[in-house]
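Values below: every heavy atom of this structure, side chains too, minus hydrogens, waters and symmetry copies.
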Amino acid sequence: MSRILILSNSSGGLYDFRNELLVELLKEHHVIVSIPDDVKKKELEEEGCRIIPTPINRRGVDPREDMRLLLSYRRLLREAEPHLVLTYTIKPNVYGGLACRLARIPYLSTITGLGGGFDRKGLFLRLIISLYRTGLKGAACVFFQNRENLGIFEGWSIRGKKSRLVSGSGVNLERHVCEAYPAEGKTTLLFVGRVMKERGILEFLEAAVRLHREDVEFAILGYCDEDYQAMLDEYEEKGVIRQWGFHTEVHPYLSRASAVVVASFHEGMSNALIEAAATGRPVIASRISGCKEAFEEGITGFGFTPGDADGLIEAIEKFLSLSWEQQALMGRAARAKMEREFDRNTVTQAYIQEIREVLFGK
């Protein structure tokens, strides 16, 4: 059996969005997982994965930390002796990819989004481009989750040996079943995601203030990743929002929503958006790559320009103007789109095909 090593910056993200691939790989291969946390360690071990902890500062930019990560990956490759490596997210892609190149071990990388790095200019942008070129140059295949990210990398001559476009991580249509639409009455608009500026939390809060009324509830599902907790608590005390907290199982909360709001500035492919749509919920989403592919204007949801509170409010008002029957119909259309275009089984098979080609030449 071949040994496949997976480098990830989050056990939760790996388990929640890529576990179907792990299960498929475990049928024919030994699977070794490098993760920095224990959130889903138990579940991964029970399935048969071998876990090797590797600390990662996901958002840090300290060169010393990054060098330590590179050295950790080089040691890991010597210890695990994998036949193939899969890397996800920025630091595993860059430093894991470089470590694989130096060790002459084949690897596949996935671009799960660009964040704000490519919006920068000058030396910082040149550094990011150089790091990506270095990390991805030897990749047997680089997976992209939207065409814009692929185009940006092509424009900067950041390439592996091959590129492939997939529908994000896809959505598990059996786990996220289509739920009955909430009963008529109060309309719940649910913000899903980390509470941070680049996820559009400030625009959502402004919309909650300006559209505050008795028959509309603004709720937030996700953990506070930046210094907004005091603001959230103040708004909740005033009755403007409700905090539903952070939960590893989001489906029951998506089913309670009338519509899900994804206000991100950047996405690879929004998992929150496609999971909400699979649950049968209309979406109100940023018109950006990684979101706009997952909804149809006026049919499964409404879009707006990220960072534009007025645009978000206009989109919400369009949704609120619909009858209950129209909202429910929009939710069913959202589910149908996920079934047509975002089935995770299809995404999993794309990876399996590339893995078999690397390992067995077929």
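Remark: R75 does not engage E79 in a salt bridge, criterion side-chain N to carboxylate O under 4.0 Å. Checked for salt-bridge contact, E357 and R164 miss the test: no charged N lies under 4.0 Å from a carboxylate O. With respect to E267 and R199, a salt bridge is recorded, a charged nitrogen being found less than 4.0 Å from a carboxylate O. Ion pairing of E20 with R175 is absent here, as no side-chain N (NZ or NE/NH1/NH2) approaches a carboxylate O to less than 4.0 Å.
Evaluation of the ring pair (Phe, Tyr, Trp, His ring centres under 6.0 Å) rule for F246 yields Y223 as partners, not counting sequence neighbours. Listed by chain and number, the residues in a side chain to side chain donor-acceptor pair (under 3.5 Å) with E314 amount to none (sequence neighbours excluded).
Follow the hydrophobic side-chain contacts under 4.5 Å out from I105 and you reach L69 in the same cluster. One hydrophobic cluster, built from ILVMFWY side chains closer than 4.5 Å, cannot hold both F143 and I152; they sit in different ones. Taking hydrophobic clusters as Ile, Leu, Val, Met, Phe, Trp and Tyr residues chained together by side-chain heavy-atom distances below 4.5 Å, Y228 shares a cluster with L312. Under a hydrophobic clustering in which Ile, Leu, Val, Met, Phe, Trp and Tyr are joined whenever their side-chain heavy atoms come within less than 4.5 Å, directly or via other members, L5 and I90 fall into the same cluster. L189 and L202 fall within a single hydrophobic cluster, where Ile, Leu, Val, Met, Phe, Trp and Tyr are joined by side-chain heavy atoms under 4.5 Å apart, directly or via other members.
N9 contributes no side-chain N or O that, together with a main-chain N or O of Y88, makes up a donor-acceptor pair within less than 3.5 Å. Without hydrogens or angle criteria, Y181 side chain to G280 main chain gives no donor-acceptor distance under 3.5 Å. When atom types are taken as modelled, the side chain of S258 and the backbone of T188 share a donor-acceptor pair closer than 3.5 angstrom. R3 places a side-chain N or O within 3.5 Å of a backbone atom of E81 that can act as its donor or acceptor partner. The backbone N or O of R126 lies less than 3.5 Å from no partner atom in the side chain of S130, so there is not a single donor-acceptor pair. A donor-acceptor contact shorter than 3.5 Å links the side chain of E297 to the backbone of G303. Checked by atom type and distance alone, the side chain of R344 pairs as donor or acceptor with a backbone atom of G170 at under 3.5 Å. Counting only distance, with no hydrogens or angles, the side chain of R101 and the backbone of G135 share no donor-acceptor pair below 3.5 Å. Proximity of a side-chain donor or acceptor of S11 to a complementary backbone N or O of K40 within less than 3.5 Å is detected.
Between I288 and F265 there is no side-chain heavy-atom pair separated by less than 4.5 Å. Between V94 and L98 there is no side-chain heavy-atom pair separated by less than 4.5 Å. Residues F153 and L114 have side chains in contact (heavy-atom distance under 4.5 Å, counting atoms from C-beta outward). Side-chain contact between P182 and R281 is present, with at least one heavy-atom pair separated by less than 4.5 Å. Contact check for S2 versus L84: no side-chain heavy atoms found under the 4.5 Å cut-off. With contacts defined as side-chain heavy-atom distances shorter than 4.5 Å, the pair E154/R159 qualifies. Considering only heavy atoms from C-beta on, L136 comes within 4.5 Å of I111 through its side chain. Counting heavy atoms from C-beta outward, E198 and E226 have side chains that stay 4.5 Å or more apart.
K162 approaches A140 most closely through the heavy-atom pair CB-O, 3.4 Å.
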Kindly determine whether K292 and E148 satisfy salt bridge (charged side-chain N to carboxylate O under 4.0 Å, His left out), including the steps that lead there. CA-CA 11 Å; K292 63 185 180 183; E148 183 178 65; 5.6 Å; no
Go through N345 and Q349 one step at a time and tell me if the side-chain hydrogen bond (donor to acceptor under 3.5 Å, both in side chains) criterion holds. CA-CA 6 Å; N345 290 326; Q349 288 309 309; over 6 Å; no
Please test N146 against E293 for side-chain hydrogen bond (donor to acceptor under 3.5 Å, both in side chains), starting from the C-alpha separation and ending with a verdict. CA-CA 8 Å; N146 65 66; E293 297 89 346; 5.0 Å; no
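Cluster partners of M269 are V171, L173, I274, M338, F342, counting Ile, Leu, Val, Met, Phe, Trp and Tyr whose side-chain heavy atoms approach within less than 4.5 Å, directly or via other members.
The distance from atom CD of E43 to atom CG of L14, rounded to the nearest 0.5 Å, is 11.5 Å. From E339, atom CD reaches atom CD of E341 across 11.5 Å, with rounding to the nearest 0.5 Å. Rounding to the nearest 0.5 angstrom, the gap separating the CD1 atom in I129 from the CZ atom in R133 is 6.0 Å.
The aromatic rings of F319 and F302 sit perpendicular, their planes meeting at an angle over 60°, well past the 30° parallel limit. Ring geometry, F218 versus F204: the interplanar angle exceeds 60°, so the pair is classed perpendicular (tilted spans 30 to 60°).
For the side chain to side chain contact (heavy atoms under 4.5 Å, CB included) test with L44, the passing option among I6, V39, I35 is I35; the others fail.
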